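Written out below as structure tokens is the structure these notes cover.
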Amino acid sequence: MQQIINFIIRNKSFLLYLLLFSIAMVFTIQSHSYHKSKFINSANFLSGGIYNSVNNVSEYMHLRKQNELLQQENNQLKSLLYNKTDSINKTFVDTVYSGVSYKFSPAVVIKNSYASNNNVLLINRGKRDSIKQDFGVISPKGLVGIVDNTSKKYATVISVLNTNSRISAKLKKSNHFGSLVWNGKSPYLVQLTEIPKIAPITAGDTIITSGRSSIFPKDIPIGTIDSYTLDASQNYYIIHVRLFNDMTSLEHVYVIENKDAEEINALINNTNE
């Protein structure tokens, strides 16, 4: 306290000048509209800049939360997109049938490999999130892979960049379908086989999922035709598909559960016996 008093005594002339100057400025601003408007504009500019900086810092600190909210919103939109409205008679209300076959759950890729022949991904969802083997995985851009194994909190995903992966896919414009495989070479190209040579194909055509399995709904984007050749028998095309996804930089993905998968597989197994 004594140091403060000593400071005031030593600088009393300067402090008195500041006080009188401040009083004069207040009177000048209050008595002249031009000076008053200039002061208000300057104050608004200064306070606006400060608040803008604080807001930018706050937004940066909450980016993770915003990403989670956006992912949840995308999750809801994808559920609406891939779950078609049933065409049954709506004159009665069925409290059991919901019309929803696919459930989408957001996840984050925490480990990714793309340089080996049998690449897998690790995601931060597992058994406690009701994730099971053979669930499909996609990203906002398209196809990613299929869930292989699960633990309590995590799951491994067989990537489309895996030589053991086989996924049903088709030409968007003609609906000719085949098997999507990977030859183990480029992480940007996969191969669509078993497309008959009567199918009209052109470089740049879009490839999508066929919906002929219980894992993926139809029409999920995969990529575009980069090039194609006829196989040794000259009856089928081998199509090189450039993926929409950059499989080397995956982060946010969605796990797809087909709620009817168990019933579909049981029926197919009984038919094959």
Side-chain angles (χ1 to χ4, degrees), residues 63-85 98-114 119-162 164-170 172 180 182 187-188 190 206-224 241-262 264-265:
L63 277 179
R64 181 174 181 180
K65 181 62 176 178
Q66 291 300 320
N67 284 335
E68 291 176 353
L69 293 174
L70 286 173
Q71 196 172 27
Q72 291 174 5
E73 182 178 357
N74 287 336
N75 186 46
Q76 294 173 351
L77 292 174
K78 286 183 181 295
S79 295
L80 292 174
L81 177 63
Y82 291 111
N83 288 291
K84 308 297 184 183
T85 303
S98 66
V100 176
S101 296
Y102 294 97
K103 175 185 175 183
F104 290 76
S105 301
V108 175
V109 176
I110 57 178
K111 187 178 184 300
N112 183 13
S113 68
Y114 47 85
N119 295 296
V120 295
L121 299 87
L122 184 66
I123 59 175
N124 66 340
R125 293 290 184 268
K127 292 179 180 177
R128 68 177 183 181
D129 307 294
S130 300
I131 304 301
K132 298 179 182 178
Q133 188 180 42
D134 291 335
F135 280 13
V137 181
I138 64 173
S139 81
K141 290 185 177 181
L143 190 70
V144 172
I146 300 173
V147 172
D148 183 30
N149 290 309
T150 59
S151 64
K152 181 180 179 181
K153 297 188 292 183
Y154 303 99
T156 56
V157 178
I158 296 178
S159 167
V160 292
L161 302 182
N162 189 306
N164 294 320
S165 173
R166 294 184 70 86
I167 296 171
S168 181
K170 68 179 181 178
K172 183 177 181 179
L180 193 74
W182 187 52
Y188 306 105
V190 294
T206 301
I207 306 300
I208 57 179
T209 55
S210 68
R212 294 175 181 271
S213 74
S214 60
I215 298 177
F216 294 102
K218 64 179 181 179
D219 298 340
I220 291 177
I222 297 174
T224 57
V241 181
R242 184 166 296 276
L243 295 169
F244 288 132
N245 269 325
D246 182 355
M247 297 297 293
T248 67
S249 61
L250 291 173
E251 185 175 4
H252 296 286
V253 295
Y254 299 92
V255 182
I256 305 174
E257 175 190 359
N258 184 349
K259 294 185 176 181
D260 297 331
E262 186 175 345
I264 293 171
N265 291 331

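Note that the numbering runs from 1 along the sequence shown for the chain. What you see is a predicted model; the values in this text were computed from it and never measured.
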Open item on the list: Going by side chain to side chain donor-acceptor pair (under 3.5 Å), name the residues that satisfy it together with Asn119, two or more places apart in sequence or in a different chain.
Closed with: Ser113, Ser116
Task: Residues forming a side chain to side chain donor-acceptor pair (under 3.5 Å) with Ser210, sequence neighbours excluded - done: Ser168
Task: Exceeds 12 heavy-atom contacts within 6.0 angstrom, atom CZ of Phe244 - done: yes
Open item on the list: Working note: Ile138 + Phe104, criterion side chain to side chain contact (heavy atoms under 4.5 Å, CB included); need CA distance, chi angles, decisive distance, verdict.
Closed with: CA-CA 10 Å; Ile138 64 173; Phe104 290 76; 3.9 Å; yes
Task: Between CD1 on residue Ile220 and OG1 on residue Thr209, distance to nearest 0.5 Å - done: 4.5 Å
TODO: Nearest 0.5 Å please: distance from the CD1 atom of Ile215 over to the OH atom of Tyr102.
DONE: 10.0 Å
Task: Residues forming a side chain to side chain donor-acceptor pair (under 3.5 Å) with Asn245, sequence neighbours excluded - done: Ser139
- [ ] Can you sort out the partners of Ile158 under side-chain contact (heavy atoms from CB on, under 4.5 Å), two or more places apart, ordered by chain and number?
- [x] Asp148, Asn162, Ser165
Task: Value rounded to 0.5 Å, distance of OH in Tyr154 from CG in Asn149 - done: 16.0 Å
TODO: For side chain to side chain contact (heavy atoms under 4.5 Å, CB included), just list the numbers for Val144 and Val109, CA-CA rounded to whole Å, side-chain angles, deciding distance to a tenth of an Å, and then say yes or no.
DONE: CA-CA 11 Å; Val144 172; Val109 176; 6.0 Å; no
- [ ] Give the minimum heavy-atom separation between Val255 and Ala107, together with the two atoms involved.
- [x] CG2-CB, 4.3 Å
TODO: Report yes if some heavy atom in the side chain of Lys170 is under 4.5 Å from a heavy atom in the side chain of Leu180; otherwise report no.
DONE: no
Open item on the list: Checking Asp246 now: which residues fulfil side-chain contact (heavy atoms from CB on, under 4.5 Å) with it, not counting sequence neighbours?
Closed with: Tyr188, Thr248, Ser249
Open item on the list: Less than 4.5 Å apart, side chain to side chain, heavy atoms only: is that true for Phe135 and Val157?
Closed with: no
Open item on the list: Between Thr150 and Lys127 (side chain of the first, backbone of the second, donor and acceptor by atom type, cut-off under 3.5 Å), is there such a pair?
Closed with: no
- [ ] Not counting sequence neighbours, which residues clear side-chain contact (heavy atoms from CB on, under 4.5 Å) with Ser214? List them please.
- [x] Asn258, Ala261, Ile264, Asn265
Open item on the list: Could you work out, with salt bridge (charged side-chain N to carboxylate O under 4.0 Å, His left out) as the rule, every residue matching Arg212, not counting sequence neighbours?
Closed with: none
Open item on the list: Using a 3.5 Å distance criterion without hydrogens, assess whether the side chain of Ser159 forms a donor-acceptor pair with backbone atoms of Val120.
Closed with: no
Task: Steps toward side chain to side chain contact (heavy atoms under 4.5 Å, CB included) verdict (Ile146, Phe216) - done: CA-CA 9 Å; Ile146 300 173; Phe216 294 102; 3.8 Å; yes
Task: Asn124 side chain vs Val108 backbone, donor-acceptor pair below 3.5 Å - done: yes
Task: Euclidean distance, Ile256 CD1 relative to Ile131 CD1, rounded to 0.5 Å - done: 10.5 Å
Task: For the student: nearest non-hydrogen atoms of Val190 and Val160, plus distance - done: CG1-O, 4.1 Å
Open item on the list: Donor-acceptor check, side chain of Arg125 to backbone of Pro106, threshold 3.5 angstrom: yes or no?
Closed with: yes
Open item on the list: So, taking the atom named CG in Asp134 and the one named CD in Glu262, what distance separates them when rounded to the nearest 0.5 Å?
Closed with: 12.0 Å
Task: Listed partners of Lys172 passing side-chain contact (heavy atoms from CB on, under 4.5 Å), at least two apart - done: Thr206, Ile208
Task: Interatomic distance, Leu122 atom CG to Ile110 atom CD1 [nearest 0.5 angstrom] - done: 4.0 Å
Task: Side-chain heavy atoms of Ile167 within contact of Ile222, under 4.5 Å - done: no
